[in-house]
Amino acid sequence: MTSPARQGSALVLTGGGARAAYQVGVLTAVAKLAGRQRRHNPFPIVCGTSAGAINAVGLACQAEHFGRATTTLARFWRDLRAADIYRSDALGVGAAGARWLGALSFGWLLGRAPRSLLDNAPLATLLRRSMDFAGIERAIAGGALRAVSISASGYESGENINFFQAHPDAAPWHRFQRIGVRTQLGVEHLLASSAIPFIFPATRINREYFGDGSMRQLAPLSPAIHLGAERLLVVGATRGNEKRERRQVDDYPSLAQIAGHALASIFVDGLAVDIERIQRINRTVSAIPEALRAQSGIALRPIETLIISPSESLDRIAAEHAGALPWPIRLLLGGIGAMNRQGGALTSYLLFEKPFMRKLIELGHADTLARADEVGRFLDL
């Protein structure tokens, strides 16, 4: 049972493909800080997007024992290979390349376009084997979990849908281009949420095809707040306040560099803006006495936030470990300039291999323990 002091705490896990291994390091460190309390789930509300949705649901499935859940997630990520997520064999990669080349050359004749650069059928098999979705309802009924929510973007409607499974008193919501829909979560929701545009295929849920939940996600923190959160631990997958020196360049940016830049705008920018928005609202709310807010019907409340993000550049780490990818993927990515330092951003989303996974888990663990006192106070550990 979750302690009353933690009822308003939420965990928000962002997207980022293979970068989401960093989140697992953070969670194992939180379990370590919990000590003898590690059985209790400090996050009754868990929200995830893209690869972060996989971690969110993995945690929710075993929310009745937080320590065991984090251990299971760490085991899941530590031994991952690219072949567990997408087809990385020569035949699979070659077939995908041929479809794209044929579409570009003879698309008008074929009458159809390829669905994605890579085939993520192995991920669907892995999720069916690894996730005990029935555990979500058990955790809710037992009081260890209030709600779990994952985001996906509808290609037809253009809306960001937050599919959630929660306590009966949690209400759906409808805001501009973002909707909360109660459902029983399953593999299809995780495949949809993690379908990075162009790279992985969209997934059909009911009447619409959905892609990565980071797309058109105007307010990444809002699902947790709608579900009742008053404090948010946000785990990012990009180095906090990372800035690159502006310098003169002569070479035209590679396709990989442009793609990495586009993906960064999907996975990072919305979160940074939403955090600034919450901080601004908090300052406004703190200036209005609580009694006056109640009298005037102002339905705003202060939201505490703690952000943990990598202390090192994941692009650089990915470039150092890119050689661990299967050779057909190295060949494919090398052709668009993704196997060098400038293309490290794109590589980092696809580098599901042990050396990179374990480095990110270690980094997340170390970054969290370096802020042990701050994290402990925030979560009342």
Side-chain angles (χ1 to χ4, degrees), residues 15-25 48 50-55 57-58 72-101 114-132 186-203 211-212 237 256 259-260 263 267 314-315 317-339 343-362:
R19 292 167 172 248
Y22 176 85
Q23 300 168 355
V24 177
S50 192
I54 295 174
N55 287 334
V57 169
T72 302
L73 278 175
R75 190 182 305 120
F76 177 91
W77 284 90
R78 283 177 63 85
D79 295 326
L80 271 184
R81 300 172 304 138
D84 295 322
I85 307 300
Y86 51 84
R87 287 198 62 180
S88 57
D89 58 289
L91 181 60
V93 174
R99 285 193 296 270
W100 278 96
L101 182 61
R115 295 193 169 193
S116 62
L117 181 64
L118 297 173
D119 177 1
N120 67 345
L123 175 60
T125 301
L126 177 64
L127 292 174
R128 291 189 183 97
R129 186 174 68 242
S130 305
M131 297 288 181
D132 177 20
V187 169
E188 67 276 17
H189 299 96
L190 295 182
L191 292 175
S193 183
S194 59
I196 300 174
F198 301 109
I199 296 177
F200 296 137
T203 297
D212 198 290
L263 289 177
F267 289 118
L314 301 194
D315 294 1
I317 297 174
E320 293 173 354
H321 292 88
L325 282 165
W327 71 263
I329 299 298
R330 295 202 307 271
L331 188 64
L332 176 67
L333 295 180
I336 59 174
M339 296 300 292
L346 177 60
T347 302
S348 70
Y349 295 105
L350 300 176
L351 190 45
F352 294 93
E353 293 291 343
K354 290 182 183 180
F356 188 55
M357 298 291 91
R358 296 184 178 192
K359 174 63 178 177
L360 296 197
I361 292 172
E362 291 170 4

Return the [atom1] to [atom2] distance between [X] and [Y], rounded to the nearest 0.5 Å.
X	Y	atom1	atom2	answer
Y349	I196	OH	CD1	8.0 Å
D132	T72	CG	OG1	10.5 Å
R75	S130	CZ	OG	10.5 Å
T347	L314	OG1	CG	12.5 Å
S194	L127	OG	CG	7.0 Å
D315	L346	CG	CG	10.0 Å

Do the side chain of Y86 and the main chain of L117 share a donor and acceptor less than 3.5 angstrom apart?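 Judged by distance alone, no pair lies under 3.5 Å.
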Is there a donor-acceptor contact under 3.5 Å from the side chain of S116 to the main chain of L118? yes
R128: which residues meet the salt bridge (charged side-chain N to carboxylate O under 4.0 Å, His left out) condition with it, sequence neighbours left out?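 For R128, no residue satisfies salt bridge (charged side-chain N to carboxylate O under 4.0 Å, His left out) once neighbours in sequence are set aside.
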Under the side chain to side chain donor-acceptor pair (under 3.5 Å) test, which residues partner [X], sequence neighbours left out?
X	answer
E362	none
R358	D79
T203	none

Which donor-acceptor pairs under 3.5 Å do side chains of residues 321-335 form with protein atoms, sequence neighbours excluded?
unit_1 : atom_1 : unit_2 : atom_2 : d
H321   : ND1    : I317   : O      : 2.9
R330   : NH1    : G323   : O      : 3.4
R330   : NH1    : L325   : O      : 2.5

Of all heavy-atom pairs between [X] and [Y], which one has the smallest distance, and what is that distance?
X	Y	result
L73	G58	CD2-CA, 4.2 Å
D119	A121	OD1-N, 3.0 Å
S348	A18	O-CB, 3.3 Å
S50	D212	OG-OD2, 2.7 Å

Is any side-chain heavy atom of V187 closer than 4.5 Å to one of M131? no
Quick check: do E353 and R81 have side-chain heavy atoms less than 4.5 Å from each other? yes
Which residues share a side chain to side chain contact (heavy atoms under 4.5 Å, CB included) with A20, sequence neighbours left out: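 A20 satisfies side chain to side chain contact (heavy atoms under 4.5 Å, CB included) with Q23, A51, N55, W77 once adjacent residues are dropped.
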Side chain to side chain contact (heavy atoms under 4.5 Å, CB included) involving T125 - partner list, sequence neighbours excluded: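 Partners of T125 by the side chain to side chain contact (heavy atoms under 4.5 Å, CB included) criterion, ordered by chain and then number, come out as R129.
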Only pairs at least two apart or in different chains count here, so list each salt bridge (Lys or Arg N to Asp or Glu O under 4.0 Å) that has a residue in residues 86-96.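 Found R87-D89.
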